[in-house]
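Letters A, B, ... are given to chains in the order of the sequence lines, protein chains preceding strands, and every chain is numbered from 1. All figures in this text were calculated on a predicted structure; none of them were measured in a lab.
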Number of protein chains: 2
Amino acid sequence: MNSPLDLAHLRRSCSQCSLQQLCLPAGISGPELDRLDEIVRRRRPIARGERLFRIGDSLEAVYVARDGAFKTVTLSEDGDEQVLGFHLPGELIGLDALGGGAHRCEAVALGDANVCEVPFSQLTDVAAQVPGLQQQLLRVIGHSLNRDHDHMGMLVRRQANERIALFLHGLGERFRQIGQSSTQFKLPMSREDVARYLGLALETVSRGFTRLQEDGVIDVHGRRVEIVDIEELTRLAHGGEDEAPRTRRARSTP
Amino acid sequence: MNSPLDLAHLRRSCSQCSLQQLCLPAGISGPELDRLDEIVRRRRPIARGERLFRIGDSLEAVYVARDGAFKTVTLSEDGDEQVLGFHLPGELIGLDALGGGAHRCEAVALGDANVCEVPFSQLTDVAAQVPGLQQQLLRVIGHSLNRDHDHMGMLVRRQANERIALFLHGLGERFRQIGQSSTQFKLPMSREDVARYLGLALETVSRGFTRLQEDGVIDVHGRRVEIVDIEELTRLAHGGEDEAPRTRRARSTP
DNA sequence: CGTCGGGTTGAGGATCATCAAGTGATGTGG
DNA sequence: CCACATCACTTGATGATCCTCAACCCGACG
C-alpha cells in the first residue's frame with residue numbers, strides 16, 4: 001500500500017497539490033476527487049521552448065502547469081507570431097480548441113515546466129457525473145475568458161505606458177493568486193513576448209520599463225521586477241498622467 | 001392540442017428557430033430538445049439601448065439574440081466605455097460572469113431586439129443529463145473564446161486600416177454564418193462603437209471607411225456597407241500594402 | 001425651419017515604430 | 001582563464017501614423 005511508487009503518486013496527486021483550490025479540483029473531495037485524479041496524466045518535465053500542441057492539432061486534452069509558465073501564440077500568414085496569452089500555474093491551457101475541435105494556437109513553454117494533462121473526453125464524462133466538477137470546469141473557463149478580457153483592456157489602452165503598467169500590475173495579481181509575491185517576481189517571458197502580447201514594439205516595452213524605473217515605480221534588472229510604488233503603478237495603469245505627481249522629475253527639457 | 005397558444009409557442013420554439021444549428025440546440029432533438037426548450041424564456045422585445053444585465057449583476061441567465069444585435073462593454077474608471085464584443089443572433093451573451101458569478105460587463109442592445117433567456121443553473125442541470133447539450137454548451141463557449149481571440153488579432157495589428165479591414169471582413173463572415181449576405185449588410189453599431197472596439201479614434205475609423213471606399217474595396221453610405229472587392233479586403237486585412245497593387249486607381253480624381 | 005446626433009473632413013503635433021548601434025550577461029572553445 | 005560569439009536587452013535618432021481639436025455636413029425629427 002505504501003510502496004515508494006504509491007508515495008510518489010500521492011505526492012503528485014491533486015489532493016496534495018498546492019494549486020488544488022485554483023485548479024479543476026476546487027470544491028471537490030473524497031471519491032469524486034479520486035475519479036478526477038484517475039484521469040489526470042502527469043507528464044514528464046517539459047523543456048523550455050517545447051510545445052504542448054500545435055495549430056491544427058485536434059483537441060485531445062487540456063493542460064495545467066504545475067510549475068513553469070506557457071505562452072499561447074498564433075502565427076500570422078506573414079510568419080510573425082502574436083501572443084494570445086500567458087499561462088501561469090493553475091491556469092488551463094488548450095481551451096482554444098473548444099469551438100472547432102482543433103487548436104487555433106500553439107502552447108509554448110517559456111521555461112522548463114511540469115504539466116498535468118487531462119484528456120478532454122474523459123474530463124467531460126466525469127464532469128457530467130460530478131456536478132461540482134462541471135461547475136468548476138465552467139468557472140475555470142470563465143477565468144480564462146476574464147483574462148482574455150483583461151488582455152483586451154490592455155490592448156485598447158492607447159498609451160504604451162498604460163499598457164505596460166496594466167500588464168505588470170495584472171501579472172503581479174496573478175502571482176499573488178498562486179501564492180507568490182505580487183510585487184517581486186521574475187518575468188517568465190522575454191521583452192519580445194511582452195511586446196507581441198501588448199501590440200507594441202520590443203523597444204517600446206524596453207523604454208517603458210526604463211521609464212517606470214526612472215520614475216521610481218518599479219525596479220528592473222533584466223527579468224527581475226520589483227514593484228516599488230504599487231499605488232502609482234495602479235494610477236498609471238488607469239490612465240493617470242504620465243508625469244509623477246509628487247516626484248517632480250526633469251524630463252530632458254531642452 | 002393545436003390551440004392558438006400552442007401554435008404561438010411552437011412558432012417560437014427552438015425546434016422552429018432558424019438559428020437552431022448555431023445555438024444551444026445544435027445536435028439535440030426529440031425529448032432532449034424539449035427539455036431544453038422548457039427552460040428557455042422568450043422575453044418581450046428589447047428596445048435599443050436597453051441592457052440585459054449590468055456590471056456587478058449576479059449570473060442569472062445567459063442570453064441569445066433571436067434577432068437584433070448587442071454590444072458588451074466595460075466602463076473604465078474615468079467613465080468612458082470599452083467595447084468588448086458585438087453579439088449577432090445566435091451568439092451567447094453573458095458568459096463574462098462564468099468566472100466570478102457576477103457580470104463584469106454590460107450587454108446593451110444596439111437596436112430593437114428579441115432575445116431568448118436561459119436560466120443558468122437550469123441550463124447546467126440539463127447539460128449534466130443531456131450529453132449532447134453539454135458538448136454543445138462547451139462548443140458555443142469555445143466559439144465565444146474564438147471571437148475574443150479574433151478580436152485580439154485586430155487589436156494587435158498596428159495599422160488602423162488593417163484593423164478596419166479585418167473588422168469588416170470578420171463581420172461579413174459572421175453575417176454569412178447566420179444566413180445573411182456576407183458582402184452587403186447594415187452595421188448594427190455606430191462608428192464610435194467600432195472605434196472603441198478597435199482601440200482607435202472615431203475619426204480614424206471614419207477615415208478608414210472613406211479610404212476603403214476611395215480604393216474601390218467597399219461601398220459605404222452611413223451604416224450600409226457593401227464589400228465590393230473581397231479579395232482586396234482580405235489582402236489588406238492581412239497586412240498587404242495600403243496601395244492597391246494591380247488596380248491602379250486615380251484617387252478622388254474629379 | 002432649426003436643432004441634434006452621427007458622420008465626415010482638415011490641420012497640427014505627439015507618440016511610437018523603425019532602423020541602427022551599443023551594452024551586458026552567458027556560454028563556448030581554444 | 002581568456003577571447004569570442006551569441007543572445008537579450010537598452011538607448012538614440014528620425015519619420016510616419018494616428019490622436020486631438022475643430023469645423024463642417026447631412027439626414028432625421030419635432
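OP1 or OP2 of C/dT9 sits under 4.0 Å from a side-chain N or O of B/Thr210. For the OP1/OP2 pair of D/dC18 and a distance below 4.0 Å, the side-chain nitrogens and oxygens of B/Arg163 include no atom meeting the criterion. Taking side-chain N and O atoms only, B/Arg158 has no distance below 4.0 Å to OP1 or OP2 of D/dT17. The shortest distance between the side-chain N/O atoms of B/Gln159 and the OP1/OP2 oxygens of D/dA16 is not below 4.0 Å.
As rounded to whole Å, 12 Å separates atom P of D/dA8 from atom NZ of A/Lys186. Between B/Arg191 atom CZ and D/dC19 atom C1' the separation is 18 Å, expressed in whole Å. Between the P atom of C/dG7 and the CE atom of B/Met189 lies a distance of 11 Å, rounded to the nearest Å. Rounded to an integer number of Å, the gap from A/Arg211 CZ to C/dT15 C1' is 12 Å. Whole-Å rounding puts the A/Phe209 CZ to D/dT11 P distance at 13 Å. Distance, B/Leu110 CG to C/dG6 P: 12 Å, rounded to whole Å. With rounding to whole Å, A/Arg224 atom CZ is found 16 Å from C/dA25 atom P. The separation between B/Asn161 atom CG and D/dC18 atom P is 7 Å, rounded to whole Å.
By the ring pair (Phe, Tyr, Trp, His ring centres under 6.0 Å) test, A/Tyr197 is found to be paired with A/Phe86, A/His151, A/Phe167, residues two or more places apart in sequence or in another chain being considered.
Distance CG/A/Leu198 to CG/B/Leu155: 12.0 Å, rounded to 0.5 Å. To the nearest 0.5 Å, atom NE2 of residue A/His143 and atom CG of residue A/Leu95 are 12.5 Å apart. One finds the CG atom of B/Leu145 at 8.0 Å from the CD1 atom of A/Ile141 (value rounded to the nearest 0.5 Å).
At the heavy-atom level, B/Leu200 lies under 4.0 Å from the strands shown only through sugar-phosphate atoms. Within the 4.0 angstrom heavy-atom criterion, no nucleotide atom of any strand lies near A/Gly208.
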Contacts under 3.5 Å, N or O only, protein and nucleotides 21-23 of chain C:
none

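Taking each heavy atom of A/Gly172 and A/Ser182 in turn, the nearest pair found is O-CB, 3.1 Å.
Remark: side-chain polar atoms of A/Arg191 are paired, donor with acceptor, to backbone N or O of A/Gly222 under 3.5 angstrom. Side-chain atoms of B/Gln213 come within 3.5 Å of backbone N or O of B/Val220 as a donor-acceptor pair. Between the A/Asp96 side chain and the A/Arg104 main chain, a donor and an acceptor come within less than 3.5 Å of each other.
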Original post:
Along nucleotides 22-30 of chain D, 5' to 3', which nucleotides get a B, which get an S, and which get a -, given that the test is a protein heavy-atom distance under 4.0 Å?
Top reply: B--------

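For the side chain to side chain contact (heavy atoms under 4.5 Å, CB included) criterion with A/His103, the lone passing option out of A/Ile55, A/Leu59, A/Leu52, A/Thr72 is A/Leu59.
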Subject >> salt bridge (Lys or Arg N to Asp or Glu O under 4.0 Å) between A/Glu192 and A/Arg196, worked out >> reply: CA-CA 6 Å; A/Glu192 177 160 22; A/Arg196 293 187 188 287; 2.9 Å; yes

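In the set D/dC9, D/dT20, C/dT18, the nucleotide with an atom closest to the side chain of B/Ala201 is D/dT20.
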